[in-house]
Amino acid sequence: QVQLVESGGGSVQAGGSLRVSCAASGRTFSSDAMGWFRQAPEKEPDFVATITWSSGITAYLDSVKGRFIISGDNAKNTVYLQMDNLKAEEAAVYYCAARSSAANGNTRAYYTRKSEYNYWGQGTQVTVSS
């Protein structure tokens, strides 16, 4: 069984920075891509950022471009999200996700839909105070 474990969440004031991390454990698997989603209370999860390992292509939610950076290590199925200049409205539970190389569906340059990911972490809380 594959497990994704997030860490690094916490509380920060608006304008501050946080770095969240995600590492896979359990059964060995190969991933095509890993990404981050976030869910605020009573809202649907939103795509935040993703990285496709083979090409190094990254993609971001428009509102975080220039402030968030996704990076990681394909061999270790580890991904990070550096978040700078955080805004109060970005407080949410941040979830890590991984797309298995054996996943069904079309191959795309990058993956922004929840349905394109096979494995999910439990989430890490990010609180931003104004």
Side-chain angles (χ1 to χ4, degrees):
Q1 185 175 357
V2 173
Q3 291 180 322
L4 301 181
V5 180
E6 301 98 336
S7 61
S11 297
V12 66
Q13 288 190 329
S17 299
L18 278 176
R19 185 188 193 221
V20 289
S21 304
C22 172
S25 64
R27 180 174 59 85
T28 301
F29 75 105
S30 176
S31 65
D32 280 346
M34 293 186 74
W36 289 94
F37 290 73
R38 67 189 180 192
Q39 185 172 21
E42 301 181 2
K43 292 188 176 181
E44 290 294 316
D46 288 329
F47 162 76
V48 177
T50 183
I51 182 166
T52 299
W53 296 125
S54 60
S55 62
I57 288 176
T58 57
Y60 297 90
L61 178 68
D62 283 346
S63 64
V64 308
K65 289 179 180 177
R67 299 185 296 116
F68 288 16
I69 297 175
I70 188 170
S71 62
D73 185 333
N74 183 12
K76 297 180 180 179
N77 283 322
T78 300
V79 68
Y80 309 99
L81 185 66
Q82 175 67 41
M83 303 181 289
D84 295 329
N85 193 17
L86 279 159
K87 302 177 181 180
E89 59 265 32
E90 295 178 315
V93 177
Y94 283 69
Y95 294 93
C96 167
R99 174 181 171 84
S100 168
S101 298
N104 295 323
N106 296 328
T107 298
R108 303 203 298 153
Y110 52 87
Y111 304 94
T112 61
R113 303 167 187 162
K114 292 182 296 176
S115 60
E116 294 175 316
Y117 291 85
N118 307 87
Y119 305 112
W120 292 83
Q122 293 300 306
T124 185
Q125 178 71 50
V126 171
T127 302
V128 185
S129 57
S130 56

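What you see below is based on every heavy atom in this structure, not just the backbone, and it leaves out hydrogens, waters and symmetry mates. This structure is a prediction, so every number in the text was calculated from the model and none was measured.
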Taking all heavy atoms of [X] and all of [Y], pick out the closest pair and write down the distance.
X: Glu90; Y: Ser63; answer: OE2-O, 4.5 Å
X: Ala88; Y: Ser130; answer: CB-CB, 4.0 Å
X: Ala92; Y: Ala40; answer: CB-N, 3.8 Å
X: Ala91; Y: Thr127; answer: CB-CA, 4.2 Å
X: Thr112; Y: Glu116; answer: N-OE1, 3.1 Å
X: Gly123; Y: Glu6; answer: N-OE1, 2.9 Å

Any chain of hydrophobic side-chain contacts (each under 4.5 Å) joining [X] to [Y]?
X: Ile51; Y: Tyr110; answer: no
X: Trp120; Y: Tyr111; answer: yes
X: Val79; Y: Phe29; answer: yes

[X] and [Y]: side-chain donor and acceptor closer than 3.5 Å?
X: Tyr117; Y: Arg99; answer: no
X: Trp36; Y: Thr50; answer: no
X: Asn77; Y: Ser31; answer: yes

Between [X] and [Y], is any pair of side-chain heavy atoms under 4.5 Å apart?
X: Leu81; Y: Ile69; value: no
X: Thr58; Y: Phe68; value: no
X: Val93; Y: Val126; value: no
X: Ser17; Y: Met83; value: no
X: Arg67; Y: Gln82; value: no
X: Met34; Y: Leu4; value: yes

Arg19 charged N/C atom sitting above Tyr80 aromatic ring, 6.0 Å / 45°: yes

Donor-acceptor under 3.5 Å (Arg38 side chain, Asp46 main chain): no

Ring centre gap for Tyr60 and Phe47 strictly below 6.0 Å: no

Thr52 vs Arg108, side chain to side chain contact (heavy atoms under 4.5 Å, CB included): CA-CA, chis, key distance, verdict: CA-CA 9 Å; Thr52 299; Arg108 303 203 298 153; over 6 Å; no

